[in-house]
Amino acid sequence: MPMHNAEIADAFEDLADLLEVEDANPFRVRAYRNAARVIRSNRRRIADLAAEDLTDLPEVGEDLAQKIRALVETGELPALEEVRKRVPQSISEMMRIEGLGAKKVKALYEGLGVKGLEDLKQAAEEGRVAELEGFGEKTQEMILERAADAAEKEQRSLRNDAEDVAEPLLAYLEAIDGVKQVELAGSYRRRKETVGDLDILVTAERGTPVMQRFVDYDEVAEVASRGDTRSTVHLRSGMQVDLRLLPQVSFGAALHYFTGSKAHNVAVRKLGRKRGYKLNEYGVFEGDQRIAGRTEEDVFASLDLPYIPPDLRENRGEIEAAREDRLPDMVRLGDIRGDLHCHTRYTDGHAGLRAMAEAARELGREYLAITDHTQNLKVVNGLDAKRLRRQMAEIDRLNDELEGITLLKGAEVDILEDGDLDLPDDVLQALDLTVCSLHSKFDLPRNQQTERVLRALDHPAFRILGHPTGRRLNQRPPLALDLEKVMRAAAERGRFLEVSAQPDRLDLNDEACLLARELGVQVAISTDAHTAADLDLMRYGLEQARRGWLEKKHVINTRTLKQLQKLLQN
DNA sequence: GCCGTTTTCGGCCCGACTGTTTTCAGTCG
């Protein structure tokens with residue numbers, strides 16, 4: 001089983017952590033971290049590229065290329081094994097405690113012989129930490145408080161959960177008398193699929209008690225730090241929130257800086273340096289002279305760049321594209337004309353056909369495909385041919401009656417273990433479209449899983465591959481599938497892939513959308529609604545498609561009903 | 001360890017906040 005990009009990245013992160021504790025050259029440490037970031041976010045499997053020239057990857061030179069090859073081939077990183085002989089691996093787990101970095105961990109290890117979280121907790125309980133030079137009572141208390149939490153795995157929040165926390169807080173801040181601007185920066189603003197913490201930027205009239213009101217917010221469980229221009233709190237929900245109070249004149253620079261991504265910022269700063277400018281969160285400076293900073297548009301303009309939307313700021317070519325005036329014209333919610341995946345009471349949905357149709361019409365959809373499960377999925381009472389025929393007849397009757405919306409006859413057809421589809425051909429052919437999905441045998445080896453999907457793709461009734469990787473955020477990793485191969489086959493056969501808008505799926509994700517664009521596969525952004533209210537989840541799928549540079553022309557449910565029907569005929 | 005329109009050596013982002021060592025190092029973003 002070839003090594004996953006995340007595993008390779010983890011190995012270099014570990015190496016960086018341990019070297020940092022050893023007080024190695026900080027730039028060397030950073031080089032490993034930079035490479036880990038590049039590897040982790042690369043959409044192709046590094047293990048598969050190992051035969052090619054890995055130095056083509058940014059941040060990867062001769063040395064790292066050789067280390068990656070060794071790691072992929074042997075499963076071991078000799079440099080890491082070397083360091084582990086000198087420093088126990090477990091001490092890096094202490095660095096997960098907020099407020100403990102490499103230097104403090106090194107001091108704890110050398111001064112107290114503490115080797116991991118358990119040791120550390122014990123040392124703190126016995127009061128030995130406070131006695132160590134450079135440490136005190138407060139640090140010891142902090143360690144006691146956080147050691148237990150650090151042992152649990154950190155999880156990022158789903159976007160919709162983060163919104164539930166963020167929106168009321170933003171409204172609270174905006175309502176403070178004297179507050180002028182409130183913006184939520186960070187990965188939240190970039191519309192990333194998950195959110196780690198919230199970075200809020202505020203401008204206000206002089207003397208406005210923003211910080212006091214912020215730490216007084218009802219939902220604040222703990223104030224981690226409080227200053228005149230910056231404070232950090234933890235909310236009851238567990239979410240960390242940073243708030244920064246800024247002068248108007250640098251608001252745009254700060255918004256750009258704290259929106260990130262880090263990789264995007266590094267690339268933009270580099271562009272500035274080439275022109276002799278200095279970029280930081282206060283502005284763009286030529287010598288001591290601030291030449292931009294009030295708005296983000298100013299900041300980009302000072303570098304002769306058009307405005308780059310936050311969704312694209314991942315250093316995936318957006319800066320070059322901006323310079324050459326070929327930024328994508330990303331698909332918008334208003335472009336969406338229909339929804340091609342939903343369920344009803346016939347299987348595991350909670351509303352009837354008419355209710356779903358009317359809810360979709362309320363949202364301005366012109367068509368809605370009814371795609372209930374098929375017989376293989378017993379737990380949800382999947383439809384057999386007979387029941388599906390009955391549903392099709394009911395849809396025909398409803399279509400005669402309904403104004404302003406058309407229901408399409410479809411099914412979410414199970415792809416069986418051998419790649420067959422889960423209904424007889426005649427009934428499949430009678431449908432307007434199929435969404436074909438994997439719901440079983442997630443653990444097949446990569447080759448076999450890929451073959452299974454390729455076989456299904458060959459079926460004449462196959463139209464859309466539903467939630468292609470099967471991942472559930474924070475629950476289930478993507479299944480082993482050669483997505484590139486699948487996409488190439490789909491492009492050849494005129495088939496489509498789904499971008500599921502379910503907040504815990506978002507599948508295809510942003511990077512896979514980029515790949516789809518590159519390989520010429522069109523997608524359907526679908527809600528997979530199980531209730532009438534779910535039909536409004538569309539925006540979450542749209543956000544990931546936009547992050548994946550997809551335009552209106554790449555998304556089949558932006559077509560009129562007539563155009564779509566033509567696309568689905570072949 | 002990487003990188004290069006300042007190019008094969010010599011840089012590599014830097015400012016706010018905290019706790020502690022009372023003038024600053026460590027951490028974070």
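Labels below follow one simple rule: chain letters A, B, ... track the order of the sequence lines, proteins then strands, and each chain is numbered from 1. On a predicted model such as this, the values are computed, not experimentally measured, just so you know. The basis for the numbers below is simple: all heavy atoms, side chains too, and nothing from hydrogens, waters or symmetry mates.
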Under 4.0 Å, heavy atoms only, any strand: does [X] hit a base, just the sugar-phosphate, or nothing?
{"X": "A:Arg226", "value": "sugar-phosphate"}
{"X": "A:Ala35", "value": "nothing"}
{"X": "A:Glu137", "value": "sugar-phosphate"}
{"X": "A:Gly61", "value": "sugar-phosphate"}
{"X": "A:Leu279", "value": "nothing"}

Given [options], the nucleotide with the shortest approach to the side chain of [X]:
{"X": "A:Lys103", "options": "B:dC13, B:dT27, B:dC28", "value": "B:dT27"}
{"X": "A:Lys278", "options": "B:dG26, B:dG29, B:dG15", "value": "B:dG15"}
{"X": "A:Thr229", "options": "B:dC17, B:dG29, B:dC13", "value": "B:dC17"}
{"X": "A:Arg30", "options": "B:dC13, B:dT18, B:dG1", "value": "B:dC13"}
{"X": "A:Ser225", "options": "B:dG1, B:dC13, B:dT18", "value": "B:dT18"}
{"X": "A:Glu98", "options": "B:dC28, B:dG1, B:dG15", "value": "B:dC28"}
{"X": "A:Arg230", "options": "B:dA16, B:dG26, B:dC13", "value": "B:dA16"}
{"X": "A:Glu281", "options": "B:dC17, B:dC13, B:dG15", "value": "B:dG15"}

Between side-chain atoms of residues 68-83 of chain A and protein atoms elsewhere (two or more places apart, or another chain), which donor-acceptor pairs fall under 3.5 Å?
unit_1	atom_1	unit_2	atom_2	d
A:Thr74	OG1	A:Ala70	O	2.8
A:Thr74	OG1	A:Glu76	N	3.0
A:Thr74	OG1	A:Glu76	O	3.1
A:Glu81	OE2	A:Arg84	NH1	3.3
A:Glu82	OE2	A:Lys85	NZ	3.2

With rounding to whole Å, what would you report as the distance between [N] and [M] at their [atom1] atoms?
{"N": "B:dC13", "M": "B:dT27", "atom1": "C1'", "result": "15 Å"}
{"N": "B:dC17", "M": "B:dT22", "atom1": "P", "result": "22 Å"}
{"N": "B:dA16", "M": "B:dT21", "atom1": "P", "result": "24 Å"}
{"N": "B:dC3", "M": "B:dT8", "atom1": "P", "result": "16 Å"}
{"N": "B:dG15", "M": "B:dG10", "atom1": "C1'", "result": "24 Å"}
{"N": "B:dC12", "M": "B:dT23", "atom1": "C1'", "result": "28 Å"}

For this output row, return yes or no: ring centroids of A:Phe285 and A:Tyr277 closer than 6.0 angstrom.
-> no

Measure from NZ or CZ of A:Arg290 to the centre of the six-membered ring of A:Tyr282 and say whether it is under 6.0 Å with the direction within 45° of the ring axis.
->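 Judged by the rule, A:Arg290 and A:Tyr282 form no cation-pi pair.
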
Checking A:Arg159 against A:Tyr188: charged group under 6.0 Å from the ring centre and within 45 degrees of the axis?
-> yes

B:dC14 pairs with which nucleotide, Watson-Crick or G-U wobble, both distances below 3.5 Å?
-> B:dG29

Among A:Tyr307, A:Tyr257, A:Phe251, side chain to side chain contact (heavy atoms under 4.5 Å, CB included) partner for A:Glu296 | A:Tyr307

Atom CD of A:Glu133 to atom C1' of B:dG19: distance rounded to whole Å?
-> 14 Å

Is the shortest side-chain N/O distance from [X] to OP1 or OP2 of [N] below 4.0 Å?
{"X": "A:Thr139", "N": "B:dT20", "result": "yes"}
{"X": "A:Lys106", "N": "B:dG26", "result": "no"}
{"X": "A:Thr232", "N": "B:dC28", "result": "no"}
{"X": "A:Tyr282", "N": "B:dC13", "result": "no"}
{"X": "A:Gln140", "N": "B:dG19", "result": "no"}

Ignoring hydrogens and angles, does a donor from either the side chain of A:Asn25 or the base of B:dG1 sit under 3.5 Å from an acceptor on the other?
-> yes

Donor-acceptor contact present, side-chain A:Arg230 to main-chain A:Ser225, <3.5 Å | no

5′-ward residue of the pair A:Gln240/A:Lys138 relative to DNA chain B |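 Result: A:Lys138.
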
